[in-house]
Amino acid sequence: MRCRTAAPAALLLVLTACATGPSLETRGEVTAPPGDIRHLTVGSAGFTESDLLAQMYAQLLNQAGYRTSLLTVANRELYEPALESGQIDVVPEYAATFADWLNARTNGPDAPPAGSPDLATTMKALRRLATPRGLTVLAPGRAVDQNAFAVTAAYARRYHLRTLSDLGASGLKVRLAAGDECVQRPYCAPGLKKVYGIDITGVDPKGVGTTQAKRAVQNGQDQMVLTTTTDATLGRFGLVLLADDRHLQNADYVVPVVNRSRAGGERVTKALGRLNDVLTTADLAAMNQQVDSWRRLASDVARTYLKDKGLVK
């Protein structure tokens, strides 16, 4: 992920050096009532989907009577401490990924994973890790951005594939286009072999969902590509997703995370919760496509979507 402006990240680096969240003595305790600051800073991680979510959060908060500013900081190592300190008040996150990140930060890099394929289990672990840091994790919605695997539509038709279980049962040899870390990550090549019995003959290190990786599958150099569930460009390459029917992937549902002392009040929760009732994975994919392929501004795409759903005027 790229940071679109260097200055905010540099500023955060300086400020977070002297700003802190809850003290070590009070971590694990909720020591103050949730706050309700009238001017809120919404953070974005600097990639299309995060920009879209941040824009929707800001516009919903504006509709609820708040003034908002947006700040792009592409590095979680910077924006999470800024969220703790109150330099950022609200940020879109992904439940399992954020749980694992906080877990590693709290308990060390070798700690057992906190995220899991089960959403309730993941949310319980995430909130347990977030609360001592002065963070409140709001309710997840329906949208999920998980790792996913795609093959060509022709390949799927030829071998009658709709799920990853179908691919495992077929006995086909599969070369996988993915990031080089896929060789070791449990959700990738090892998990495909263990959970689905897929015969992965090798990993072609072309990145996650990159154009190069998709073209390698399109032209038959590889048989499957690692991408995400909100990838809106698959049709352009003649690719289709195979369903993760045995739930190898973790529950990376979209969740708003807020600084409790500044934005933990009921009004913020209610304003952002309105998005949960309507936003789907397919909606996110379609909006990503409008920004990435049609070159529309994230702010315009977000506003059009919210207006169409009756969430803003």
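Of the options Arg260, Arg127, Glu80, a side chain to side chain contact (heavy atoms under 4.5 Å, CB included) to Leu135 is made by Glu80 and by none of the others. Each of Val258, Val255, Asn276 was scored for a side chain to side chain contact (heavy atoms under 4.5 Å, CB included) with Leu138, with one residue passing: Val258. Among Asp244, Thr122, Leu248, Asn250, the single residue meeting the side chain to side chain contact (heavy atoms under 4.5 Å, CB included) criterion with Pro117 is Asn250. Screening Val254, Thr229, Thr48, Thr228 for a side chain to side chain contact (heavy atoms under 4.5 Å, CB included) involving Leu284 leaves a single residue, Val254.
With hydrogens and angles disregarded, a donor-acceptor distance shorter than 3.5 Å links the side chain of Gln59 to the backbone of Ser299. Judged purely by atom type and a 3.5 angstrom limit, Asn103 has no side-chain atom pairing as donor or acceptor with the backbone of Pro113. A side-chain donor-acceptor contact under 3.5 Å links Arg262 to the backbone of Gly86. In this structure, the side chain of Ser50 engages the main chain of Ala45 through a donor-acceptor pair within 3.5 Å. For the pair Asp222 (side chain) and Met224 (backbone), a donor-acceptor distance under 3.5 Å is absent. Using modelled atom types, no side-chain atom of Asp252 and backbone atom of Val144 make a donor-acceptor pair closer than 3.5 Å.
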Stepwise side-chain hydrogen bond (donor to acceptor under 3.5 Å, both in side chains) test for Thr210 and Gln212: CA-CA 5 Å; Thr210 63; Gln212 185 184 20; 4.9 Å; no
Side chain to side chain contact (heavy atoms under 4.5 Å, CB included) between Leu61 and Leu272, worked out: CA-CA 7 Å; Leu61 290 169; Leu272 298 181; 4.1 Å; yes
Worked verdict on Asp292 versus Asn288 for side-chain hydrogen bond (donor to acceptor under 3.5 Å, both in side chains): CA-CA 6 Å; Asp292 290 336; Asn288 286 337; 5.8 Å; no
Working for salt bridge (Lys or Arg N to Asp or Glu O under 4.0 Å), residues Glu84 and Arg105: CA-CA 13 Å; Glu84 288 188 33; Arg105 191 173 173 211; 3.0 Å; yes
Criterion side chain to side chain contact (heavy atoms under 4.5 Å, CB included) on Arg142 and Thr281, from CA distance to verdict: CA-CA 7 Å; Arg142 299 156 60 191; Thr281 304; over 6 Å; no
Check against side chain to side chain contact (heavy atoms under 4.5 Å, CB included), Met56 and Leu306: CA-CA 7 Å; Met56 286 190 283; Leu306 295 177; 4.1 Å; yes
Residues Leu311, Leu60; criterion side chain to side chain contact (heavy atoms under 4.5 Å, CB included); working and verdict: CA-CA 7 Å; Leu311 299 182; Leu60 287 167; 3.9 Å; yes
Residues Asp199, Lys193; criterion salt bridge (Lys or Arg N to Asp or Glu O under 4.0 Å); working and verdict: CA-CA 6 Å; Asp199 187 359; Lys193 293 176 182 179; over 6 Å; no
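Partners of Tyr155 according to the ring pair (Phe, Tyr, Trp, His ring centres under 6.0 Å) rule, which considers only residues two or more places apart in sequence or in another chain, are Tyr159. Every residue two or more places apart in sequence or in another chain that forms a side-chain contact (heavy atoms from CB on, under 4.5 Å) with Ala282 is listed here: Thr280. With sequence neighbours left out, Asp118 forms a salt bridge (Lys or Arg N to Asp or Glu O under 4.0 Å) with no residue at all.
Side-chain contact, Lys214 with Thr233: a donor N or O sits under 3.5 Å from an acceptor N or O. Judged by distance alone, the side chains of His39 and Ser69 do bring a donor and an acceptor atom under 3.5 Å apart.
Side chains of Leu167 and Gln223 form no contact here, defined as non-hydrogen atoms less than 4.5 Å apart.
Applying the 6.0 Å contact sphere to CZ of Arg158 captures no more than 12 heavy atoms from other residues, nucleotides or ligands. With a 6.0 Å radius and a threshold of 12 heavy atoms from other residues, nucleotides or ligands, Arg162 has its CZ atom at or below the threshold.
Here the CG-CG distance, from Leu40 to Asn259, works out to 9.5 Å after rounding to the nearest 0.5 Å.
With side-chain heavy atoms closer than 4.5 Å counting as contact, directly or through intermediates, the hydrophobic cluster containing Leu234 also holds Val217, Val225, Phe237, Leu239, Leu241.
Legend: ring pair (Phe, Tyr, Trp, His ring centres under 6.0 Å) pairs involving residues 85-142, not counting sequence neighbours: none detected. For residues 155-241, every residue pair satisfying the disulfide bond (SG atoms under 2.5 Å apart) rule, not counting sequence neighbours, is listed here: Cys182-Cys188.
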